[in-house]
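Note that the structure is predicted; figures quoted are calculated from it, not measured. Both counts, for ligands and for their atoms, begin at 1 and track the order of listing.
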Amino acid sequence: MSPIFPDAQLPSGQPATLGVMGGGQLGRMFVHAAQRLGYVTAVLDPDPQSPAGLVSHHHIQTGYSDAHGLAQLSALCDAVTTEFENVPADALATLATQRPVAPGSAAVGIAQDRIQEKAHFEACANVSGVRCAPHAVIETAEQLKAVSPDLLPGILKTARMGYDGKGQVRVKDLAELAVAWAAFKGTPCVLEKLLPLKAECSVIVARGWEGAVVSFAPQRNVHRDGILAVTHAYESNLPVALSERARTATKSIANHIGYVGVLCVEFFVIDDGSEHGGLVVNEMAPRPHNSGHHTMDACDVSQFDLQVHAMAGLPLPQPRQHSPAIMLNLLGDIWFDSAGQDRAPNWQSVLALPGTHLHLYGKRHARPGRKMGHLNITGADIAGVKATARKAASILGLPGLEDI
Ligand code: ATP
Ligand code: MG
């Protein structure tokens, strides 16, 4: 694909425009990165108050499958990307008949469906060197009956539309499994064996139209109630050999499907009796990821910069991390006191701490569990970053100080 330069004067006389399907916080940070390079941006999201729509030059307020909205987006844009995986894959395929779309509908379609996603991971296991958790697909009553007790206790996950731990339930025996599947109304699911996790990590790569791949170093992630809480991004966050394996595996997972764009792959580090533990691939996100937000302040290019570069056919420089970093997710919970009354987080004290970078997404209403923003902490050394992160977490009343 020939590069779409931000300063190019197209025949229409309009500056180059990049579009994004979805108007959440990831779209907002994409819009900011694109605008910094001089692009005009367009967001398609039905919500008039969507975080990305509020800051974009154009905001098309229709559903993701709306033919008129999609036609408007392709008329406005020189290339289109997506910011969440549940955008209908068909809508991306429609856009791709008119404009370059990265990632493509096939890759997004795989990431949308845990059954296809696991089949993809298994298909490239020989090259990637990692397998997924032992699992069974449950789409029919016969498959439910045939489940091996070896998979229990396990986690039943809906094949589609799960995120932040939603659409998942832990089951300890076959009876609980049957109840859980019925509660999901018999929708296609995957039952995964519950693994003894030592840690979780993820890797973000960017792959270009011609197949060039660059990657960020793996980060270690701490989840609370199924939602990412803390990301540790510095040397020594994970054993080196494990880090290298995760990075290589992610590249081959992207290469296997000719992926174009930014891809995040999440891994479990499991206790398998070995010194550093075994690596198991969990899932992939066809877009920048919450666990890569530290790249905005700790690296010379961020995951959102690379998303812009990849879709527009610009060069993909290998990112360099210049500071150790910790990312603290800011969920809506901290806007409420212990009695459930509204309160304002103490930004004054947090921003007085050196090396803190506050990112808020412009969401009007806080709700428990809702991602409202994140706080990146950078510094000269890891001990200093951890100390500042602990102070910030304590000021904000974030739970789990022991995780930092
Ligand atoms: P995301 O917001 O990352 O898309 P999700 O809702 O799709 O999350 P998963 O990543 O599958 O869900 O699971 C959420 C968390 O639940 C994991 O990060 C991990 O902490 C825990 N978990 C999931 N599967 C397993 C498993 N097989 N064994 C042990 N823990 C698990
Ligand atoms: Mg996950």
Side-chain angles (χ1 to χ4, degrees), residues 22 24-26 82-87 108 110-118 120-122 130-138 147-148 150-172 176-177 180 184 187-204 218-232 238 246 250 253 262-272 277-293 303 327 329-332 369-372 374 399-400 403:
Q25 61 268 18
L26 298 174
T82 182
E83 65 109 38
F84 79 131
E85 59 258 46
N86 290 329
V87 51
V108 175
I110 293 170
Q112 278 174 352
D113 184 326
R114 285 186 198 276
I115 299 171
Q116 287 188 46
E117 187 177 55
K118 284 192 159 42
H120 166 50
F121 291 147
E122 290 296 327
V130 289
R131 307 282 308 266
C132 28
H135 64 278
V137 170
I138 302 180
V147 160
S148 157
D150 288 352
L151 293 176
L152 295 161
I155 305 186
L156 185 69
K157 303 182 178 181
T158 57
R160 304 179 73 87
M161 295 304 217
Y163 69 100
D164 289 348
K166 296 183 176 71
Q168 305 200 357
V169 53
R170 292 185 179 216
V171 290
K172 55 176 192 304
E176 280 191 13
L177 173 64
F184 285 145
T187 188
C189 284
V190 172
L191 173 70
E192 254 178 63
K193 189 175 171 69
L194 186 67
L195 299 174
L197 305 192
K198 273 166 87 97
E200 296 187 61
C201 66
S202 57
V203 181
I204 291 161
Q219 47 274 342
R220 183 164 65 80
N221 302 319
V222 180
H223 292 80
R224 211 168 286 130
D225 302 326
I227 307 179
L228 181 65
V230 183
T231 293
H232 296 260
L238 292 157
T250 304
I253 285 166
V262 168
L263 177 77
C264 176
V265 177
E266 294 179 65
F267 297 89
F268 299 137
V269 181
I270 58 159
D271 196 351
D272 63 354
L279 200 61
V280 169
V281 56
N282 174 25
E283 59 176 357
M284 65 182 199
R287 50 168 172 78
H289 192 257
N290 196 165
S291 64
H293 288 353
Q303 59 171 350
M327 191 271 327
N329 246 357
L330 304 176
L331 302 182
R370 188 175 197 204
K371 290 177 178 171
M372 303 297 289
H374 65 273
D403 295 329

Problem - Atoms of ligand 1, numbered as shown, that sit under 4.0 Å from any heavy atom of Asn282 - result: 9 (P), 10 (O), 11 (O)
Practice task
Could you walk me through whether Glu200 and Leu228 pass the side chain to side chain contact (heavy atoms under 4.5 Å, CB included) test, one step at a time?
Solution key: CA-CA 10 Å; Glu200 296 187 61; Leu228 181 65; over 6 Å; no
Completion exercise
Of Asn290, Ile155, Leu151, Leu195, the one whose closest heavy atom lies nearest atom 25 (C) of ligand 1 is Ile155
Side-chain donor-acceptor contacts of residues 189-196 below 3.5 Å, not counting sequence neighbours, with atom names and distances?
from: Glu192; atom 1: OE1; to: Lys157; atom 2: NZ; distance (Å): 3.2
from: Glu192; atom 1: OE2; to: Lys118; atom 2: NZ; distance (Å): 2.9
from: Glu192; atom 1: OE2; to: Lys157; atom 2: NZ; distance (Å): 3.0
from: Lys193; atom 1: NZ; to: Asp150; atom 2: O; distance (Å): 2.7

Fill in the blank from the handout: Candidates His223, Arg114, Glu85; heavy atom nearest atom 5 (P) of ligand 1 found on Arg114
Handout entry: Under 4.0 Å to a heavy atom of Lys157 - the qualifying atoms of ligand 1, by number
Key = 9 (P), 11 (O), 23 (C), 24 (N)
Problem - Within-shell test, Lys193 vs ligand 1, heavy atom, strictly < 4.0 Å - result: yes
Problem - Test item: Val269 and Leu197 side chains (from C-beta on) under 4.5 Å apart, heavy atoms - result: no
Practice task
Compare every heavy atom of Leu26 with every heavy atom of Pro288, then report the nearest pair and how far apart it is.
Solution key: O-CD1, 3.6 Å
Problem - Donor-acceptor under 3.5 Å (His232 side chain, Leu238 main chain) - result: no
Problem - Pick from Glu266, Glu200, Arg224: the one approaching atom 20 (O) of ligand 1 most closely through a non-hydrogen atom - result: Glu200
Handout entry: Atoms in ligand 1 flagged as close to Leu194, the criterion being non-hydrogen separation under 4.0 Å
Key = 28 (N), 29 (C)
Practice task
Would you check if the side chain of Glu283 reaches a backbone N or O of Glu266 as a donor-acceptor pair within less than 3.5 Å?
Solution key: no
Problem - Subset of ligand 1 atoms that lie under 4.0 Å from at least one heavy atom of Leu197 - result: 29 (C), 30 (N)
